[in-house]
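Note that these values count all heavy atoms, side chains included, but never hydrogens, waters or copies made by symmetry. The shown structure was predicted, so the numbers you read here are calculated from the model rather than taken from an experiment.
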Amino acid sequence: MSYNQPQPAQPPFVGPPAGQPVGKPAWARKRIVIPAALLIFFVGVGIGSSGSSDREKTGVSSDAKPQPTVTLTKTAAATTKDEDGKQTSDNKPVTDEDKQATVPNFVGMGLQSAQDKAQEAGFYGLTSHDSLGRDRMQAFDRNWKVCSQNVKAGASKSTDTDLDFGAVKLEEVCPAKDEKPLAAEGGKMPDFAGKSVKAARTALDSGTSITVQDALPADRWVLVESNWKVCTQTPFAGASLSGQPVEFTAVKFEETCP
């Protein structure tokens, strides 16, 4: 028994009539219009760009305007004439040297009050020193009083002038004349007897080796050297200084040397 079914017969191929070309399939006979449209678009863009470029070039050459030139010139300062017929400038700067003020009398005032008064008068370059020559610092100005001033009271000075006050503590008496600090001049040892240990140390070269001992048997430490006065010294006054060590014995200022 056979299961093969008979296949239907295929119709014979019928070609185009004689004398006619073989045709293309239906899908191939459609017109392709997209490439042509794109071609037209790009051609138009190219022409527009060319025209715009020409217009820009033409515009640059035809519309360009000359830029203005700025010239800086100096303006002469306004001048006037004084009573003597001399020309004076109205724009002259005012400096500290041109400012004048009368120096007040500071002697007898507290150091702090003197400094305040000096600043009120326009003087700000202020310093002070120990009138007794002990080289003490005026740490608390209110505890000191003015004994002298370097510029005479009543003088007219530039406000740029430095004022220096000689002062002592409130409980002390001003000396008749400020004691100037000693200095080892000419390589000779000064006479430091009765001077403060601090002033003696300051007068010597900073590299000098110095020993200070209590002149009394108490063998106290000499801590605040401005409160101690020299009793003896080695080398003696007038000796040549050549870097040798220096020795002092001292007592407090209210004490008597032995």
Side-chain angles (χ1 to χ4, degrees), residues 93-185 190-206 208 210 212 214-216 218 220-231 233 248-257:
V94 178
T95 62
D96 289 340
E97 295 181 355
D98 296 329
K99 298 178 182 178
Q100 299 287 322
T102 301
V103 178
N105 183 13
F106 301 107
V107 176
M109 298 181 62
L111 182 56
Q112 182 63 63
S113 298
Q115 293 173 343
D116 294 342
K117 187 173 182 179
Q119 292 178 357
E120 291 175 0
F123 299 97
Y124 292 93
L126 307 175
T127 57
S128 60
H129 65 273
D130 187 352
S131 290
L132 296 179
R134 293 169 58 177
D135 200 19
R136 295 171 294 182
M137 294 180 61
Q138 293 73 58
F140 300 100
D141 296 335
R142 290 176 176 81
N143 294 338
W144 295 73
K145 61 184 178 183
V146 177
C147 295
S148 64
Q149 57 190 76
N150 65 327
V151 180
K152 185 178 179 180
S156 180
K157 294 291 184 178
S158 166
T159 54
D160 199 33
T161 302
D162 293 333
L163 300 182
D164 181 59
F165 304 125
V168 296
K169 289 190 174 182
L170 297 178
E171 65 273 13
E172 297 172 342
V173 178
C174 289
K177 186 178 180 181
D178 281 6
E179 294 189 22
K180 296 182 179 180
L182 297 176
E185 298 178 352
D191 185 4
F192 292 118
K195 307 298 181 182
S196 76
V197 175
K198 182 178 180 181
R201 184 183 295 275
T202 303
L204 296 173
D205 184 84
S206 60
T208 303
I210 300 174
V212 183
D214 186 359
L216 298 178
R220 296 164 295 181
W221 288 3
V222 181
L223 299 178
V224 184
E225 293 184 339
S226 60
N227 291 338
W228 292 71
K229 62 183 178 182
V230 176
C231 293
Q233 62 184 61
F248 294 120
T249 61
V251 295
K252 292 185 177 182
F253 269 91
E254 61 271 18
E255 299 173 342
T256 303
C257 290

Discussion item. With a sphere of 6.0 Å drawn around CZ of Arg220, does it hold more than 12 non-hydrogen atoms of other residues, nucleotides or ligands?
Written reply: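 Yes.
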[X] side chain near [Y] side chain, heavy-atom distance below 4.5 Å:
| X | Y | result |
| --- | --- | --- |
| Phe192 | Leu204 | yes |
| Glu179 | Ser131 | no |
| Tyr124 | Thr159 | no |

Any donor-acceptor pair under 3.5 Å from [X] side chain to [Y] backbone:
| X | Y | result |
| --- | --- | --- |
| Lys198 | Asp135 | yes |
| Gln138 | Ala167 | no |
| Ser196 | Arg134 | yes |
| Gln233 | Pro190 | yes |

Worksheet item: With sequence neighbours left out, what residues match Thr249 under side chain to side chain donor-acceptor pair (under 3.5 Å)?
Response: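 Thr232.
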Would you list the atom pairs, donor with acceptor, under 3.5 Å between side chains in residues 144-154 and any protein atom, with sequence neighbours excluded?
unit_1: Lys145; atom_1: NZ; unit_2: Leu170; atom_2: O; d: 3.4
unit_1: Lys145; atom_1: NZ; unit_2: Glu172; atom_2: O; d: 2.9
unit_1: Ser148; atom_1: OG; unit_2: Asp178; atom_2: OD1; d: 3.4
unit_1: Ser148; atom_1: OG; unit_2: Asp178; atom_2: OD2; d: 2.7
unit_1: Gln149; atom_1: OE1; unit_2: Phe106; atom_2: N; d: 2.8
unit_1: Gln149; atom_1: NE2; unit_2: Pro104; atom_2: O; d: 3.2
unit_1: Gln149; atom_1: NE2; unit_2: Val151; atom_2: O; d: 2.8
unit_1: Asn150; atom_1: OD1; unit_2: Asp164; atom_2: N; d: 2.8
unit_1: Asn150; atom_1: ND2; unit_2: Asp162; atom_2: O; d: 3.2

Worksheet item: Minimum heavy-atom separation for Phe123 to Thr102, with atom names?
Response: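 Nearest heavy atoms, Phe123 then Thr102: CE1-O, 4.0 Å.
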Discussion item. Using every non-hydrogen atom in the two residues, find where Val224 and Trp228 come nearest and quote the distance to one decimal.
Written reply: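 Nearest pair, atom of Val224 first, then Trp228: O-CD1, 3.2 Å.
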Kindly list each side-chain donor-acceptor pair under 3.5 angstrom involving residues 112-122, sequence neighbours excluded, with atom names and distances?
unit_1: Gln112; atom_1: NE2; unit_2: Asp116; atom_2: OD1; d: 3.1

Spacing of [atom1] belonging to [X] relative to [atom2] belonging to [Y], to within rounding of 0.5 Å:
| X | Y | atom1 | atom2 | answer |
| --- | --- | --- | --- | --- |
| Cys231 | Leu216 | SG | CG | 7.5 Å |
| Gln100 | Ser158 | CD | OG | 5.5 Å |
| Phe140 | Leu111 | CZ | CG | 13.0 Å |
| Cys257 | Lys229 | SG | NZ | 5.0 Å |
| Trp221 | Asp214 | CH2 | CG | 13.0 Å |

